[in-house]
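Here's the structure we're looking at; comments come further down.
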Amino acid sequence: RTFKKEFCCPECFKEFKRLSPNKFSFNSPDGACSECKGFGNILFPDLDLIVPDKRKSIKDGCLSIFQRPSLSYEKRKFIDFCSTSGIDINVPYKKLPENKISLILNGDLKYKGLKGLFKRLEAKAYKMHIRVLLSKFRSPFECKNCEGSRLNTLASKVRFGDKTIKELSSFCISDLLKFLSNIKIKKRDLEIIDEPIKQSISRLNYLVEVGLEYLTLARLTRTLSGGEAQRVNLAQQLGSRLTDTLYVLDEPSIGLHPRDIERLFKTIQDLRDLDNTIIVIEHDLDIIAKSDWIIELGPKSGENGGQLIYCGATKNLKKNINSITSKYLTGDLNIHVPQKRRSSSQKLKIQGASKHNLQKVTFEILLNCITYITGVSGSGKSTLIKDCLYGNAIREFGQSYENPGNISSISGLENLNEIIMITQEPIGTSSRSNPASYMKIYDEIRMIMSKSPDAKKLNLRPGDFSFNTDGGRCDECKGVGKKRIEMQFLSDLEVDCDSCNGKKFKDNVLGIKYKEKNIDNILNLTIAEAKRFFENNKKIIDRLDILISVGLGYLRLGQSSSTLSGGESQRIKMAKCLLAKNSSGVLYILDEPSIGLHVDDLRNLLNTFELIMERKNSIIIIEHNIELIKTADYIIDMGPGGGKNGGRILATGTPEEIKKSKSSIIGNYLNL
Ligand SMILES: [Zn+2]
Ligand SMILES: [Zn+2]
Ligand SMILES: [Zn+2]
């Protein structure tokens with residue numbers, strides 16, 4: 001009889017090392033899949049990126065990678081290959097038969113196709129420009145070795161119950177909880193595994209409490225929304241059972257359905273009852289009403305804010321006559337339910353939308369109306385509107401979109417001139433962008449400054465009043481006004497530039513004045529002040545008026561885009577859309593525009609929507625905020641749950657119809 005020191009198979013004697021926890025972690029070199037190094041996917045040439053416009057033929061350059069002059073030799077080789085293997089270079093790419101496309105990608109015995117080209121390029125990836133080139137045309141595809149589990153082959157063969165670790169990670173939190181609670185374990189094993197199971201169950205329960213039961217364990221943290229990530233942290237804190245700790249939460253209600261806000265607040269109370277202190281920055285009236293103590297700042301935003309309005313027990317807030325929050329809490333002020341809902345016979349219709357948890361969903365959007373998409377987190381709202389509707393629609397308009405959802409048809413696009421998604425990303429491309437430059441007010445101001453007699457004497461041109469180009473701007477800080485000092489071991493420090501004292505321009509430029517103000521003074525005006533200052537300049541006033549109408553009169557003309565909140569950036573973008581001359585027939589898509597807005601600011605937002613609607617446009621809004629939803633013309637309510645429990649349309653119709661509908665969830669929260 002043979003004895004072995006290591007574990008081995010009793011039949012074929014294949015040996016393997018004793019399994020350690022590391023073997024089950026893709027973050028450890030011991031556990032990671034050897035092919036993909038634990039990433040779960042491998043970069044391959046992606047035809048959707050290589051062929052952005054499938055209406056073009058090969059001859060017209062549909063394979064954009066061959067447009068590179070450095071690849072002209074490769075291009076000739078490829079064209080030769082096409083002629084010898086019968087690939088027609090004159091027909092549009094999308095008309096090429098499947099087997100020819102496979103030839104383009106995989107090649108034959110002699111020429112290895114695009115995959116061969118990429119192999120040759122990858123061998124030269126030590127060169128920077130080749131790496132940049134590759135990154136433009138490759139996408140991650142699931143690793144075949146580990147099937148995306150990111151783990152080594154041995155670990156993926158171990159089973160707990162009858163499940164592998166990959167299967168367990170693909171469970172959503174509520175299913176895993178069920179699995180662990182019901183698992184049958186032999187008494188001998190129970191001693192080993194009892195505590196880990198208890199710990200896992202308790203942690204999973206915290207994640208359920210904060211409303212994340214639909215997430216799978218394998219979900220990457222970077223794909224979580226801001227609100228989801230914050231709630232994962234909250235669950236972790238609950239699990240740690242710390243006491244005497246001060247927690248600061250910034251708008252934890254973001255992205256939460258009214259149903260989940262109740263649960264979230266219970267979690268916050270549990271944290272408090274463990275002898276902790278919690279500070280919540282919040283706009284949601286339900287959460288505010290349940291607090292113990294309130295600090296209200298105001299009375300308005302920006303310049304007109306910054307004062308302490310109230311600091312005291314929540315129950316005494318209503319005695320304070322200056323508090324706007326109090327007026328909304330008591331219902332003295334509220335957002336009105338519109339008298340009439342818009343309706344329309346023009347529709348955008350999508351059939352058979354599928355991606356993630358959506359399975360062949362068919363739906364209609366009313367054009368020239370405001371449609372709200374509602375539903376709990378993870379119910380598929382964004383997938384439906386962004387990936388299925390927007391992604392496919394802008395492809396029809398000839399723009400690119402990565403990985404749109406599958407649809408069987410889309411109709412009604414002929415009624416639209418354009419589709420625009422208005423995100424909360426910062427405006428402009430650099431930190432020098434500001435409201436004035438983004439709205440093209442700055443161009444006018446530079447013109448005015450350069451026309452003054454003093455400027456002419458010094459031969460200054462409009463460009464000298466710009467901080468985007470060399471000339472008039474401070475050479476030290478390149479017109480930023482600040483300098484970054486690297487602090488070893490500490491985070492970088494920003495200080496005013498010592499050459500221009502933060503004024504961004506050279507002295508001769510700062511000496512030029514218009515109505516007694518120099519360029520720095522002017523950029524420091526608020527939008528409302530600028531309206532008085534430029535009283536006779538219609539071009540500037542028109543633009544300022546639009547900014548004021550969307551409630552941004554308090555911003556400074558030259559305020560750096562990096563200091564604007566997501567909501568402010570979003571409203572500047574809407575203002576710019578309103579500026580365009582041909583701004584009708586546009587479908588706007590907004591994702592949670594209420595984020596960061598006080599109820600009082602919601603009125604500005606609704607006012608902006610009205611301005612957009614006056615010009616015969618359509619708006620789709622993904623939203624949780626019940627105050628906004630009640631103003632909808634049409635609602636699409638999704639659910640019922642998140643993840644695989646969602647992905648269905650529960651009810652559609654006007655708010656009144658939704659409230660009556662038995663299958664709708666949001667209907668229960670509508671106060672009409
Ligand atoms: Zn064996
Ligand atoms: Zn792998
Ligand atoms: Zn400077």
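Whatever order the structure lists ligands and atoms in, that order sets their numbers, starting from 1. Any value given below was found using the heavy atoms of this structure, including those in side chains, with hydrogens, waters and symmetry copies removed. Numbers here are sequence positions counted from 1.
Using the six-membered ring where Trp is involved, Phe467 and Tyr442 have ring planes that are tilted, between 30° and 60° apart. Between Tyr390 and Tyr401, the ring-plane angle classifies as perpendicular under the 30° and 60° cut-offs.
Within the protein, the N, O or S atoms lying under 2.8 Å from the Zn ion (ligand 2) are Cys33 SG, Cys36 SG, Cys143 SG, Cys146 SG. Protein N/O/S atoms found under 2.8 Å from the Zn ion (ligand 3): Cys474 SG, Cys477 SG, Cys497 SG, Cys500 SG.
A salt bridge links Asp470 with Arg473: the distance from a Lys NZ or Arg NE/NH1/NH2 to an Asp or Glu carboxylate oxygen falls below 4.0 Å. In summary, Lys539 and Glu444 engage in a salt bridge, as defined by a charged side-chain N under 4.0 Å from a carboxylate O. The pair Arg68-Glu74 does not count as a salt bridge, with every side-chain nitrogen at least 4.0 angstrom from each carboxylate oxygen.
Taking every heavy atom of both residues into account, Arg543 and Leu579 meet most closely at CG-CD1, 3.5 Å.
With contacts defined as side-chain heavy-atom distances shorter than 4.5 Å, the pair Ile65/Phe118 qualifies.
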Legend entry - Stepwise side chain to side chain donor-acceptor pair (under 3.5 Å) check, Asn434 with Ser437: CA-CA 5 Å; Asn434 57 46; Ser437 62; 3.3 Å; yes

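Both cation-pi conditions hold for Lys576 and Tyr438: the charged atom is under 6.0 angstrom from the six-membered ring centre and inside a 45 degree cone around its axis.
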